[in-house]
Amino acid sequence: QVQLVESGGGSVQAGGSLRLSCAASGYSISSYCMAWFRQLPGKEREGIASITRLGDTTYADSVKGRFTISKDNAENTLYLLMNNLKPEDTAMYYCARGSASSYITSCLDRSGIGYWGQGARVTVSS
């Protein structure tokens, strides 16, 4: 069955960096759009970065220039490198599987997500 398992969360001071990993099983990530979402305390889950089957990336304005999404198809693993972290980045971060379509340019809409990971907590202190 499809499984997404995040790792790499933790606590860091403002200005620091973390890298999240998402190990996928039960399917090949090369065949789907993949994304990272986050849920801030008291807020709805929002898409922050996605990468299509062809490797095209899209970012939310809140993380553009600081976060980088990437994938290793051979390892079937998705990554999110987070630099210059801010206290407002404190949230639960979720790996997500989007559409298998070759025509989409991103998968940051929750309605297009078929599977979610269990989440990884990131805490940024000032």
Verdict with supporting geometry, V122 and L20, side chain to side chain contact (heavy atoms under 4.5 Å, CB included): CA-CA 9 Å; V122 172; L20 301 180; 4.2 Å; yes
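- Using a 4.5 Å heavy-atom threshold, the side chains of T90 and L40 count as separate.
- Under the side chain to side chain contact (heavy atoms under 4.5 Å, CB included) test applied with I48, the options Y94, F67, Y59 reduce to a single match, F67.
- The shortest distance between side-chain heavy atoms of T68 and L80 does not fall below 4.5 Å.
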Side chain to side chain contact (heavy atoms under 4.5 Å, CB included) between D89 and R66, worked out: CA-CA 11 Å; D89 294 318; R66 300 187 299 123; 2.7 Å; yes
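- A donor-acceptor contact shorter than 3.5 Å links the side chain of N76 to the backbone of A24.
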Let's go through D61 and K64 carefully: what are the C-alpha distance in whole Å and the side-chain angles of both, what is the deciding distance for salt bridge (charged side-chain N to carboxylate O under 4.0 Å, His left out) to 0.1 Å, and is it a yes or a no? CA-CA 5 Å; D61 288 343; K64 198 174 295 182; 3.2 Å; yes
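- In this structure, R97 fails the cation-pi test against Y115, since its NZ or CZ atom is not both closer than 6.0 Å to the six-membered ring centre and inside 45 degrees of the ring normal.
- The shortest side-chain heavy-atom distance between I113 and F37 falls under the 4.5 Å cut-off.
- Under the 4.5 Å side-chain criterion, counting only non-hydrogen atoms from C-beta, M34 is in contact with L4.
- Both M92 and W116 are members of a single hydrophobic cluster when ILVMFWY side chains are connected at heavy-atom separations under 4.5 Å.
- Pairing each heavy atom of R53 with each of S102, the nearest pair is NH1-OG, 3.3 Å.
- Residue Y93 is tested with R121, R38, Q39 for a side-chain hydrogen bond (donor to acceptor under 3.5 Å, both in side chains); the sole match is R38.
- Under 4.0 Å is where a charged nitrogen must lie from a carboxylate oxygen, and between R110 and E46 no such pair does.
- A heavy-atom distance below 4.5 Å is found between the side chains of R19 and Y79.
- Of the possible polar contacts, one joining the K71 side chain to the T52 backbone as a donor-acceptor pair under 3.5 Å is found.
- With a 4.5 Å cut-off on side-chain heavy atoms, C107 and S99 do not count as touching.
- Minimum interatomic distance between A14 and P87 (heavy atoms only, all atoms of both residues): CB-CD, 4.1 Å.
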Decide yes or no on side chain to side chain contact (heavy atoms under 4.5 Å, CB included) for L108 and T58, but give the supporting numbers first. CA-CA 8 Å; L108 294 180; T58 305; 3.9 Å; yes
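- To the nearest 0.5 Å, the span separating CG on L81 from OG on S17 amounts to 6.0 Å.
- Cluster annotation: I69 is connected to I29 through the hydrophobic network of ILVMFWY side chains, with a link wherever side-chain heavy atoms come within less than 4.5 Å.
- In this model, no donor atom of one side chain and acceptor atom of the other lie less than 3.5 Å apart for T77 and D72.
- Between C33 and S106 the shortest heavy-atom distance is SG-C, 3.9 Å.
- Closest non-hydrogen pair, A100 versus Y32, comes out as CB-CE2, 3.6 Å.
- W36 has its side chain within reach of L78: a pair of non-hydrogen atoms, C-beta onward, lies under 4.5 Å apart.
- For E6 (side chain) and G119 (main-chain N/O), a donor-acceptor pair under 3.5 Å exists by modelled atom type.
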